[in-house]
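Counting convention: from 1, in listed order, for ligands and their atoms alike.
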Amino acid sequence: FYALYMRSSLARRVVTLHPSPRVLDANSSSPAVSPERYWGSYRPQVYFGMKTRSPRSVVTGLMWMRQFTDMEGNLRHTCEQGDHLQGYGWLMHDGVSFGVQEIHDRDFTLTTEFVKRMGGDHGGDWTWRITAKQHSIASSAPVISLMFYTATDIQGSLQAHVEEKNRLSSVTGTSEELGNFKITFGKPTAGEGAGGKYARYNYLQTRSPGLDKLTDIVKNSLNHKFVFSPPKGEKRSYFAVDSYKVTNHQNQQKDPKMESDFVLHQVTVQTPFQIEVLFESGSFRERPNQLVGSVLTDELEKRKMAFDEKFESTFGLQAKGFTSSQIEFAKAALSNMLGGMGYFFGQSVVQSVYNEHPVLYPEGPLFTAVPSRSFFPRGFLWDEGFHQLLLNKWDSQLTQEVIAHWLDLINVEGWIPREQILDDEARSKVPSEFIVQHNENANPPTLFLALQELLEKRDAQPESLSSQTMLPFLKRLYPRLQIWFEWFNATQAGPIANSYRWRGRDKDTNLFLNPKTLTSGLDDYPRASHPSADERHVDLYCWMTLASGIMANVARILGEPHQVYENTHHTLSNNNLLNELHWSENLHTFSDYGNHTQAVSLQQEKVFVPPGQPRHQFPVSRLVRSVRRAPKLQYVNALGYVSLFPFLLHILTPDSPKMEHILRDIQDPERLWTPYGLRSLSRADPLYMKRNTEHDAPYWRGPIWININYLAVRALHHYGSIEGPYKEKAATLYQELRTNLINNVYKQYLETGYIWEQYSDSTGRGQGSHPFTGWSALTVLIMAEEY
Ligand code: 6A9
């Protein structure tokens with residue numbers, strides 16, 4: 001019995017939250033405490049939508065489709081690369097009160113703007129303005145259907161108000177978090193102050209089994225029987241929402257999710273046109289006027305001006321002489337990180353060795369930026385530290401809140417799940433094998449980088465509001481930081497004293513050219529060919545050096561005992577130890593160590609599919625790894641981002657002779673230097689641009705990544721401004737690398753309409769997921785020279 005009890009209590013640990021008081025009060029996101037941030041564009045996964053920062057928020061959103069086109073299924077809703085839009089994203093967004101977005105569809109552009117107005121007890125009002133314009137007047141103006149919707153998520157209710165047959169003029173509703181509210185749909189005009197336009201109206205009122213099903217519901221309700229017949233134009237039938245049957249009524253009663261209301265207003269009209277949608281909060285009683293028409297225009301103008309001013313005073317790009325087009329690019333980069341912030345609520349699926357099956361993590365909120373609105377619109381732990389480097393410059397209060405949300409997710413062991421897939425919408429985007437998060441797995445503790453920035457800003461601006469809230473914030477954060485740090489120190493310890501090792505490498509060594517290390521964040525970057533407990537990883541050693549230093553600082557500020565952190569930091573910062581553990585005399589580079597051989601390759605192998613499988617009896621060929629020489633314990637012969645970490649995180653002393661080698665590798669075009677930034681893996685490396693499996697293209701084996709390049713520019717700036725034998729060299733390289741990075745990311749943006757996940761080291765072209773305005777947006781800081 002005792003053994004059983006032990007086992008089940010061990011099994012529960014992974015889903016037991018840390019007992020220290022939460023950093024965030026339970027009501028910290030409520031409209032009473034934080035009205036300005038209640039409503040927001042916190043649904044980065046849709047092209048345009050808003051919700052509140054509350055558990056099961058009522059959501060609002062926009063779908064659209066072009067009529068009379070041969071293109072089937074051009075309904076747009078969630079951000080999808082498959083939609084092949086020519087570009088979309090926020091041009092301006094202050095993270096709080098307004099935003100301006102442009103969406104370039106095939107032959108027209110939608111501008112989506114929102115402005116909020118505070119009042120009442122529920123986060124106030126807001127208005128949307130959608131403006132549609134065709135691209136070229138050479139062809140006939142496209143007819144577009146905009147579909148504005150609102151949906152509840154289990155709680156709350158909505159009532160549709162229909163006038164003139166099919167025109168939904170408004171939706172009223174009530175929910176726990178919003179009280180009563182009303183959404184009014186304006187009629188399309190040819191522009192502000194201009195007359196009305198011929199339009200057709202349709203609406204849908206139904207129930208939905210979940211927010212992840214909204215697109216399907218609309219698709220299944222489309223009917224082609226409606227007729228668009230403008231006064232002087234041709235009569236044509238168009239697609240519109242008609243009726244949608246909730247199928248299983250039995251189910252509807254049992255599943256509370258079937259209780260969700262879904263109301264959609266479709267307006268079909270020819271470009272150019274403009275439409276406004278007004279949200280009014282029931283508790284906002286004394287509004288001077290309605291936030292529509294010229295009132296809205298004036299408000300928008302004011303916010304735009306304030307945004308421009310704050311942008312210049314924060315980043316100073318005009319003063320630095322950037323062109324107005326470059327500055328617009330930088331504004332878009334920042335705005336997309338702000339406009340890409342999401343408020344997610346739900347539970348991760350996690351597993352420890354004590355759980356036979358995956359289990360559900362406790363429910364909780366996460367307010368976070370996301371790397372990519374289309375491909376991974378959810379929180380990633382180490383991405384977030386980079387995001388906050390930029391956002392902290394804009395709004396330190398925001399950074400504090402985000403860090404608090406992440407640390408409030410920590411469990412009693414000190415573990416934070418790396419990828420936060422919290423609700424059905426998030427889950428619907430992830431293949432099932434990637435959903436479960438394992439508690440042995442780390443991810444670089446980049447939030448310490450963000451904390452470092454917060455502390456520096458506090459020193460620089462002691463009078464600011466965020467500096468004043470800093471102490472109470474740090475106090476509550478501290479026990480969580482402690483256990484987080486301890487978790488890394490204990491669970492990711494290496495084979496010998498003061499060394500560290502990433503857990504969770506791929507185990508099936510036969511299938512991969514080099515088993516991946518997703519936990520390090522650098523996925524397929526080459527490590528020891530044969531994962532083993534003998535490994536030690538130089539990037540993790542450096543992360544721990546950084547983390548221990550920040551821990552010591554925070555402890556000192558709080559008057560807590562700091563000796564242990566200081567000692568760790570002192571030990572790890574000792575370059576002799578670093579050299580002993582990680583310097584490869586052979587390769588003249590910092591390096592991982594482990595059971596390794598260079599003599600590996602992928603070979604075609606003919607195999608017979610086992611009986612019972614569909615292609616039984618036919619030989620199929622697949623790639624398997626062949627090892628020509630047995631591995632042995634040695635330094636891993638790879639040169640790339642991992643080798644640079646002692647430099648990237650400023651652990652090398654400025655007079656270290658290793659600097660010489662590092663700077664040489666950096667500036668060598670045969671190794672890391674390209675005209676577009678530093679490549680992730682040396683061109684001379686045996687695994688340079690090698691696939692890991694048949695289906696797994698090189699990722700961190702050559703392409704240029706902006707987060708690490710940001711660290712590289714920052715390190716060159718650092719070593720270029722402190723005394724040492726390499727000062728001048730570093731300063732020169734700083735200028736060149738900075739220029740190359742800015743020019744390329746900017747050029748690709750102009751050419752493609754997007755900021756990208758990574759850039760080709762041979763052509764500079766953007767590649768991978770897009771838009772990717774997570775860490776690639778750090779280009780703004782590189783422009784501003786804010787490190
Ligand atoms: C898998 C695909 C529709 C990979 O930016 C997030 C992470 C980084 O943290 C990491 O360092 N990216 C980098 O190597 C993207 C990870 C995406 C995983 C999504 C499911 C969905 O298919």
The one among Arg418, Lys429, Glu757, Arg378 that brings a heavy atom closest to atom 19 (C) of ligand 1: Arg378
Option with minimal heavy-atom separation from atom 14 (O) of ligand 1, where the choices are Asp523, Asp524, Leu522: Asp523
Identify the protein heavy atom lying closest to [atom], giving its residue, its atom name and the separation to 0.1 Å.
| atom | answer |
| --- | --- |
| atom 12 (N) of ligand 1 | Tyr699 OH, 3.8 Å |
| atom 9 (O) of ligand 1 | Asp383 OD1, 2.6 Å |
| atom 11 (O) of ligand 1 | Gly521 O, 2.5 Å |
| atom 16 (C) of ligand 1 | Phe380 CE2, 4.0 Å |
| atom 15 (C) of ligand 1 | Phe376 CZ, 3.3 Å |

Check ion pair Glu535-Arg527 (N to O, under 4.0 angstrom): no
Side-chain ion pair, Asp424 and Lys213, N-O less than 4.0 Å: no
Geometric class of the Tyr343/His405 ring pair [parallel <30°, tilted 30-60°, perpendicular >60°]: perpendicular
Residue part near ligand 1, for Pro431, under 4.0 Å between non-hydrogen atoms: side chain
Location of contacts on Trp775 toward ligand 1, heavy atoms closer than 4.0 Å: side chain
Residue pair Asn439, Val350: steps toward the side chain to side chain contact (heavy atoms under 4.5 Å, CB included) verdict: CA-CA 7 Å; Asn439 76 334; Val350 304; over 6 Å; no
Numbering as shown, the atoms of ligand 1 that approach Trp382 to under 4.0 Å (heavy-atom distance): 8 (C), 9 (O), 10 (C), 11 (O)
Atoms of ligand 1 close to Pro371 [distance to a heavy atom under 4.0 angstrom, numbered from 1]: 5 (O), 6 (C)
Cation-pi geometry met for Arg765 and Tyr759 (6.0 Å, 45°): no
Charged tip of Arg714 within 45° of Tyr787 ring normal and under 6.0 Å: no
CE on Met544 to OH on Tyr500, rounded to 0.5 Å: 4.5 Å
Side chain to side chain contact (heavy atoms under 4.5 Å, CB included) evaluation trace for Gln420 with Ile416: CA-CA 9 Å; Gln420 296 283 331; Ile416 305 175; 4.3 Å; yes
N or O pair under 3.5 Å between Trp700 and ligand 1: yes
